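Structure record follows, encoded as structure tokens.
What you see is a predicted model; the values in this text were computed from it and never measured. Below, read A as the first sequence line, B as the second, and so on, with proteins coming before strands; counting in each chain starts at 1.
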Number of protein chains: 4
Amino acid sequence: MPQERVDETGLPMDIQGFPEHLLTGYRNFMSGRFNEQQQRYKTLAESGQKPKTMVIACCDSRAAPETIFDSGPGELFVVRNVANMMPPYEPDGHYHSTSAALEFAVQSLRVTNIVVMGHGRCGGIKAALDPDAEPLSPGDFIGRWMNLLKPAAEQIQSNDVMTQAERQRALERVSIRNSIANLRTFPCVNILESKGKLRLHGAWFDISTGELWVMDAKTGDFSRPGM
Amino acid sequence: MPQERVDETGLPMDIQGFPEHLLTGYRNFMSGRFNEQQQRYKTLAESGQKPKTMVIACCDSRAAPETIFDSGPGELFVVRNVANMMPPYEPDGHYHSTSAALEFAVQSLRVTNIVVMGHGRCGGIKAALDPDAEPLSPGDFIGRWMNLLKPAAEQIQSNDVMTQAERQRALERVSIRNSIANLRTFPCVNILESKGKLRLHGAWFDISTGELWVMDAKTGDFSRPGM
Amino acid sequence: MPQERVDETGLPMDIQGFPEHLLTGYRNFMSGRFNEQQQRYKTLAESGQKPKTMVIACCDSRAAPETIFDSGPGELFVVRNVANMMPPYEPDGHYHSTSAALEFAVQSLRVTNIVVMGHGRCGGIKAALDPDAEPLSPGDFIGRWMNLLKPAAEQIQSNDVMTQAERQRALERVSIRNSIANLRTFPCVNILESKGKLRLHGAWFDISTGELWVMDAKTGDFSRPGM
Amino acid sequence: MPQERVDETGLPMDIQGFPEHLLTGYRNFMSGRFNEQQQRYKTLAESGQKPKTMVIACCDSRAAPETIFDSGPGELFVVRNVANMMPPYEPDGHYHSTSAALEFAVQSLRVTNIVVMGHGRCGGIKAALDPDAEPLSPGDFIGRWMNLLKPAAEQIQSNDVMTQAERQRALERVSIRNSIANLRTFPCVNILESKGKLRLHGAWFDISTGELWVMDAKTGDFSRPGM
């Protein structure tokens, strides 16, 4: 049994140092997947990434796209923010994290698919539906970020014949369609989609059951694909 | 041989539909990891996520944190944007994707670790070091986003005794330290860190060799942890 | 117990004499390696040295080329000076220690490889990066010798986004490339290299981890060779 | 058996690449000495070198001080030039490789012993004794470097009752005493030696027999120490 490492102040290193669970996981990765796919990583490093698919997903710890789609290195270019949202085209000179990622994926990497991927029990969506939600901090960053969904959230919240769970699931799916509509406000997306060179998709993952629901591009409805 | 799927207009689904490689991966996930961890997913759905660690990572398809840290569901709350950047505290009423995720992770989920994770051969960093880079689109979202690193990028770019690869690696690491410094401009981070309730970490992943380099919290230098 | 040795004036030899640790090491050499390789030493003495490789290395006590490359007698022709530097071609009639060694190795011994070998935590490089360094003595020999790197050192030193350790490592590698560039200012090196009869290499040794990094002849970048 | 590596021009990598014999030796070092002394290397890296002894030795491939004194990392600070020469004190603003190393060893590292170590069959000494020696190149760097020994060399060369081998051995030893005399022209050496804080030594190694001859500090004579 190794001696507990402490820093000069006496704090154990497992508190102060790099999280041990990450180092343990990294060692598993190295002896497992990396060991098996060394050549693939080397080639991906040397020739650059060429993913065909961009995924806009949520930060939620239970909904990692690479896990759900069992993806290997080089397959998915992934943006993750709270509630997997794509803001509208706003060429105003401010920093736009998600728009920058979109631009890079479409114009530089030339992805041919963009998947907006939502999931059940999303904390951001829940906050958007709570009229009494207090700002989490004076900056109220979550409140302002969820304003992207405000018109839809207000409509759904005012609906008193659906249950709370039904309202939440409804807004989770509205949010996906909203992001897809916002994607189309970007000229580069609009042009490439009209030429058939880029396809937009929606998906929704149920953490509890593992079900994946896929959006029908024409109707916007979600259904489960055949297995 | 599966029957060709067509939609109601008669278009084959393999043209119109959801990317097949994602569906194939999803089926692997369901028969593999989900099948083994059904109870964990169910519990995580019902009791909510309680990740202890937030990771700020890059969108790059070769550097998924869940893969590199071999993480299971519920472990990592993950923001991904181009070049794994944390912008500074700007409570100005605009949409701030990354700041919203930070606020949610720190104030709502109460994570105790934040890891800024960079990687080698980052396309965003490369763009930041290219003085002749043309905007990828009229909105120039990547150009504006990478402005977050502009002062550092200009310093490093003007150094003509380092090779291009050395300049790139230098900026990749500067970017991690820059993000950590920006994290500390958020009052909630600053306060919790000073109380010892939140720790900030840097890490850098070498796609080609699989090496993980971890930042020394005191000096900002990167070194490889013992295996 | 050995009798105390005294010289003719009666002073004990252990004060006046040759360092005991060297005599002890020499006895180990004689009973070990020399004993095993007597014939090789005899042949090398009689037929002369014919090393194929010249190494330009640092004086540092932790980075002896014969140790790191596990080399036997006759293998490496080794110049060592502070910070493993090759000055430029200056046929001015002054004493040029390193240039004389180069001339001997290339023109008389006809080596086919020259390796410039740097290492981490080099005291000379550290001095070159310290703007407040006082001369070590009125002659300021170290200061003047490190002037060979002055333009590069000033560029790197002025970079305030890299850590001190990163600046040091950067200059350690710049110094290797600088020496290789200076080697090419010697007509004999230039001509033989262009004919494919002489090859120039760079290497960098990490004292702490034992890692050897080898320079790519085309890009000047350093990477670890496969083991 | 691994496939032969070739570069894009078809040249085998063992010609074009880093010398294979060095890589092989390095692997031996890593699995051998470094593996056994990992902690020592780590400590030496972190706390810095503190050698007690500086050696001024020849570049000759058959006379590496670390080999002959069986020295480990951190023990010897080693300058190597052709014919192990120490030039006199010349604070003239030019580059002085050996003087810079001396200054660093004495003033910064505070070594307590300096050993000038010559050896038999030295090519530089042989050149100094050859009146018909042509410059090896137009710069005549060896010729100029050996001028440091010119007065002594001319005297010995004009002696026609000693054999050529005797003249060579004589000059090899004169050269050691000459370097020691030059060391004393440096004020810092002179002062520290007079205070008893620094000792100067001479040694001579016979490649053929492995004999080490040590100089008597008072008389300048060489004799073999007891074993």
Plane angle bin for D/Tyr89 and C/Phe141 - parallel if under 30°, tilted between 30 and 60°, otherwise perpendicular | perpendicular
Distance col, row D/Leu22:CG vs C/His201:NE2, nearest 0.5 angstrom, shows 8.0 Å
Region of C/Glu103 that comes under 4.5 Å of a non-hydrogen atom in chain D | both
Measuring heavy-atom distances to chain C, does D/Asn113 have an atom under 4.5 Å in its side chain, in its backbone, in both, or in neither?
-> side chain
Would you please test C/Gln49 and D/Ser61 for side-chain hydrogen bond (donor to acceptor under 3.5 Å, both in side chains) and show each step?
-> CA-CA 7 Å; C/Gln49 63 171 333; D/Ser61 62; 2.7 Å; yes
Check whether C/Leu109 gets within reach of chain D through its side chain, its backbone, both or neither, counting any heavy atom under 4.5 Å.
-> neither
When you measure from the side chain of C/Glu66 to the backbone N and O of D/Ala64, does any donor-acceptor pair fall under 3.5 Å?
-> no
C/Tyr26 side-chain N/O to D/Leu212 backbone N/O, donor-acceptor pair under 3.5 Å = yes
Can you tell me how far CG of C/Asp70 sits from CZ of D/Phe29, rounded to the nearest 0.5 angstrom?
-> 9.0 Å
Highest number of heavy-atom pairs under 4.5 Å with chain D among C/Asp216, C/Asn147, C/Leu148, C/Thr112 belongs to C/Leu148
Full working for side-chain contact (heavy atoms from CB on, under 4.5 Å) between D/Phe18 and C/Val115 = CA-CA 9 Å; D/Phe18 200 78; C/Val115 178; 4.1 Å; yes
About how many Å separate CG of C/Leu23 and CZ of D/Phe69, when rounded to the nearest 0.5 Å?
-> 7.5 Å
Is the count of non-hydrogen atoms from other residues, nucleotides or ligands lying under 6.0 Å from C/Glu134 atom CD greater than 12?
-> no
Reported CD1-to-NE2 distance for the pair C/Ile142 and D/His96, which is rounded to 0.5 angstrom | 13.0 Å
Chain D interface, residue from C/Gly139, C/Gly72, C/Cys59, C/Gly123 that has the most non-hydrogen pairs under 4.5 Å | C/Cys59
Under a 4.5 Å heavy-atom cutoff, which of C/Ala101, C/Pro51, C/Pro73, C/Ser137 has the most pairs with chain D?
-> C/Ser137
So which part of D/Thr98 gets closer than 4.5 Å to some heavy atom of chain C, the side chain, the backbone, both or neither?
-> side chain
Which pair of non-hydrogen atoms, one from C/Phe104 and one from D/Val82, has the smallest distance, and what is that distance?
-> CB-CG2, 4.5 Å
Contact class of D/Arg33 relative to chain C, heavy atoms under 4.5 angstrom | side chain
CA sep, side-chain torsions, deciding dist, call: C/His21, D/Leu76, side-chain contact (heavy atoms from CB on, under 4.5 Å) = CA-CA 11 Å; C/His21 70 101; D/Leu76 305 180; 4.2 Å; yes
So what's closer than 4.5 Å to chain D heavy atoms on C/Thr209: side chain, backbone, both or neither?
-> backbone
Looking only at C/Ala83, C/Pro91, C/Ser99, most heavy-atom pairs under 4.5 Å shared with chain D are made by C/Ser99
Based on non-hydrogen pairs under 4.5 Å, which of C/Leu44, C/Asn81, C/Asn28, C/Val106 is most in contact with chain D?
-> C/Leu44
Quick one: what part of C/Val78 sits under 4.5 Å from any heavy atom of chain D, side chain, backbone, both or neither?
-> both
Side chain, backbone, both or neither: which part of C/Thr53 has a non-hydrogen atom closer than 4.5 Å to chain D?
-> side chain
Identify which part of C/Arg144 has an atom lying under 4.5 Å from any heavy atom of chain D, answering side chain, backbone, both or neither.
-> both
Approximate separation, where rounding is to 0.5 Å, of D/Met86 CE and C/Ser97 OG | 9.5 Å
From the list C/Phe34, C/Phe205, C/Phe186, the residue making the most non-hydrogen contacts under 4.5 Å with chain D is C/Phe34
With side chains defined as the heavy atoms from C-beta onward, is the minimum distance between D/Glu90 and C/Tyr95 less than 4.5 Å?
-> yes
